[in-house]
There are 2 protein chains.
Amino acid sequence: MPDHAPLELERFLPYRLSILSNTLSQAIAREYERRFGLGVTEWRVIAVLARYDGEGLAAREVAERTAMDKVAVSRAVARLAAAGRVIRRTHRGDRRRSVLRLSAKGWAIHDAVAPRARAHERDLLARLDADERAWLERILDKLAPARPPMKAHLTDR
Amino acid sequence: MPDHAPLELERFLPYRLSILSNTLSQAIAREYERRFGLGVTEWRVIAVLARYDGEGLAAREVAERTAMDKVAVSRAVARLAAAGRVIRRTHRGDRRRSVLRLSAKGWAIHDAVAPRARAHERDLLARLDADERAWLERILDKLAPARPPMKAHLTDR
DNA sequence: GCGTTATAGTTTCAAATGCAACCATTGGCA
DNA sequence: TGCCAATGGTTGCATTTGAAACTATAACGC
């Protein structure tokens with residue numbers, strides 16, 4: 001009989017990351033889910049629209065920035081627009097593209113949720129000491145490079 | 001006008017972890033999905049059954065070990081059993097409980113998939129140097145403690 | 001200019017997921 | 001013993017998700 005060398009799931013890196021990530025996301029999600037009827041996808045859309053405000057993003061750009069696929073973005077935006085949280089217009093000069101912006105209502109939600117999200121992050125990082133935080137930063141940069149901020153003039157002429 | 005202090009999604013820890021985790025899981029999942037028609041949930045069940053073999057786990061125990069809820073386990077096991085990949089019997093002495101074991105077919109899949117999973121992990125860790133790996137280990141232990149191996153005699157009398 | 005190809009975004013259908021209700025069995029305990 | 005609560009597991013239903021097909025518009029090549 002061969003020795004099967006079973007995988008030790010609980011030490012397996014992708015598994016542990018998955019658990020950690022789900023635990024965190026769910027904890028945060030619960031909050032704005034309950035208080036604003038806001039799903040994770042919708043929150044992400046709001047977050048990037050807030051960050052790259054003033055330019056009016058196309059859905060595709062939102063997709064790139066949120067790591068969601070275009071279908072997910074489309075649906076999230078549809079819900080947000082229906083709730084009057086984002087304003088969707090059509091790009092003049094390219095009528096395929098949409099131009100998305102937060103409405104006042106959208107901004108209000110952002111301003112309410114963002115601090116809580118940061119608080120969650122802070123709580124999480126509080127479990128680490130300064131060294132560990134620095135290393136984590138560095139390790140994440142290697143494993144999952146954060147994309148550089150978008151260049152406005154290249155994306156929306 | 002208030003300054004909105006937008007959340008920088010791409011530096012937000014839970015977000016980055018989520019991206020990383022999804023990227024990894026999907027990369028691995030694609031492989032056994034295509035080659036064995038095996039979903040993530042099913043693979044996880046196989047992994048824990050392999051690891052705690054010889055004891056015959058109850059579904060509830062599988063759920064604990066995989067961080068899946070009991071419904072997900074139930075369905076994964078149903079598919080696996082239907083495909084002849086796990087053997088499901090009833091616990092003598094407690095007829096509510098099931099006793100789950102890998103069949104030869106199940107073991108074959110495990111033995112085919114496990115090395116590839118490990119290879120993925122290796123590739124990932126290869127991007128880090130020894131220091132970084134050690135710190136990652138330590139950080140993960142703090143943020144998402146790996147549960148200690150199950151004590152056989154306590155769980156299956 | 002006209003046909004072809006590419007891109008933005010939406011819709012549709014199937015599969016995955018989650019939740020609550022449910023059935024069966026067991027364990028407590030009066 | 002005989003009830004009631006707790007546990008293991010499954011099922012039904014509603015929601016979410018993903019992949020591919022589809023619509024509309026724009027860009028390209030000749």
Side-chain angles (χ1 to χ4, degrees), chain A residues 18-19 21-23 25-27 29-30 33-34 37-45 48-49 55-82 86-100 154-157, chain B residues 18 21-23 25-27 29-30 32-34 37-45 49 55-83 86-100 154-157:
Chain A
S18 162
I19 301 300
S21 159
N22 288 346
T23 307
S25 296
Q26 278 204 330
R30 273 221 192 282
E33 168 74 59
R34 196 168 38 72
L38 203 67
V40 190
T41 56
E42 292 160 60
W43 163 243
R44 283 190 182 172
V45 170
V48 300
L49 289 184
E55 306 160 28
L57 297 189
R60 190 185 53 77
E61 295 166 327
V62 173
E64 282 169 7
R65 290 282 137 189
T66 51
M68 295 160 54
D69 76 18
K70 62 180 188 170
V71 177
V73 171
S74 171
R75 292 202 258 243
V77 167
R79 280 191 296 269
L80 290 168
V86 319
I87 298 159
R88 170 164 45 182
R89 289 197 281 175
T90 318
H91 193 283
R92 44 178 91 260
D94 185 347
R95 299 214 308 267
R96 294 169 303 179
R97 305 179 69 174
S98 50
V99 176
L100 303 171
L154 292 180
T155 61
D156 186 37
R157 63 165 162 97
Chain B
S18 161
S21 159
N22 288 345
T23 307
S25 296
Q26 279 203 333
R30 267 209 205 288
Y32 49 69
E33 167 74 60
R34 197 167 38 74
L38 203 67
V40 190
T41 56
E42 292 159 59
W43 163 243
R44 282 191 182 170
V45 170
L49 290 184
E55 305 161 27
L57 297 188
R60 188 187 56 75
E61 295 166 328
V62 173
E64 282 169 8
R65 289 283 136 191
T66 52
M68 295 160 54
D69 76 20
K70 62 181 188 169
V71 178
V73 170
S74 171
R75 293 203 255 242
V77 167
R79 280 192 295 269
L80 290 168
V86 319
I87 298 159
R88 169 163 47 182
R89 290 196 281 176
T90 315
H91 193 282
R92 42 178 91 261
D94 185 347
R95 297 214 309 268
R96 294 170 304 182
R97 307 180 67 174
S98 51
V99 176
L100 303 171
L154 291 180
T155 60
D156 187 39
R157 65 165 163 92

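In what follows, every chain begins at residue 1, and chains take the letters A, B, ... in the order their sequences are listed.
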From CE of A/Met68 across to P of C/dT10 the rounded distance in Å is 12 Å

Rounded to whole Å, CG of A/Asp94 lies from C1' of D/dT23 at a distance of 15 Å

Of D/dG9, D/dG18, C/dG9, the nucleotide closest to the side chain of B/Arg60 is D/dG9

Closest to the 5' end of DNA chain C, once A/Gln26 and A/Val77 are matched to their nearest nucleotides, is A/Val77

Here the distance between atom P of D/dA19 and atom CZ of B/Arg34, to the nearest Å, is 14 Å

ask   = So what does A/Ala58 touch, heavy atoms closer than 4.0 Å: a base, only the sugar-phosphate, or nothing?
value = sugar-phosphate

From NE2 of B/His91 across to C1' of C/dT26 the rounded distance in Å is 13 Å

note: B/Leu57, atom CG; D/dG8, atom C1'; distance rounded to Å ~ 14 Å

Whichever of A/Val71 and B/Val73 has the more 5' nearest nucleotide on DNA chain D, that residue is B/Val73

Does A/Ser74 use its side chain to pair, donor to acceptor, with the backbone of A/Lys70 at less than 3.5 Å? no

Closest non-hydrogen atoms of A/Gly37 and A/Glu42, given as atom of the first, atom of the second and distance, are O-OE1, 4.1 Å

* Distance-only donor-acceptor test (3.5 Å): side chain A/Arg96, base C/dT7 -> yes

Side-chain atoms of B/Lys70 come closest, of D/dT10, D/dA19, C/dT26, to D/dT10

D/dG9 OP1/OP2 closer than 4.0 Å to side-chain N/O of B/Ser74: no

- [ ] Establish, with yes or no, whether the OP1 or OP2 oxygen of C/dC23 is under 4.0 angstrom from a side-chain nitrogen or oxygen of B/Arg95.
- [x] no

Heavy atoms of B/Ala29 and B/Val40 approach each other most closely as CB-CG2, 3.9 Å

Shortest non-hydrogen pair, A/Thr41 vs A/Met68, comes out as CB-CE, 3.5 Å

- [ ] Tell me what A/Arg79 touches on the nucleic acid: a base, only sugar-phosphate, or nothing, going by heavy atoms under 4.0 Å.
- [x] nothing

Separation of C/dT7 atom C1' from A/Glu61 atom CD, nearest Å, is 13 Å

Using a distance-only criterion (donor-acceptor N/O pair, under 3.5 Å, no hydrogens), is the base of D/dG12 paired with the side chain of B/Arg75? yes

Of all heavy-atom pairs linking A/Val45 and A/Leu80, the shortest is CG1-CD1, 3.7 Å

To the nearest angstrom, the CZ-C1' distance between A/Arg97 and C/dA6 comes to 14 Å

With the side chain defined as heavy atoms from C-beta on, A/Ala59 is closest, among C/dT10, C/dG9, C/dT25, to C/dG9

B/Glu42 atom CD is separated from C/dA15 atom P, nearest whole Å, by 14 Å

Side-chain atoms of B/Arg30 come closest, of D/dA19, C/dG18, D/dG9, to D/dA19

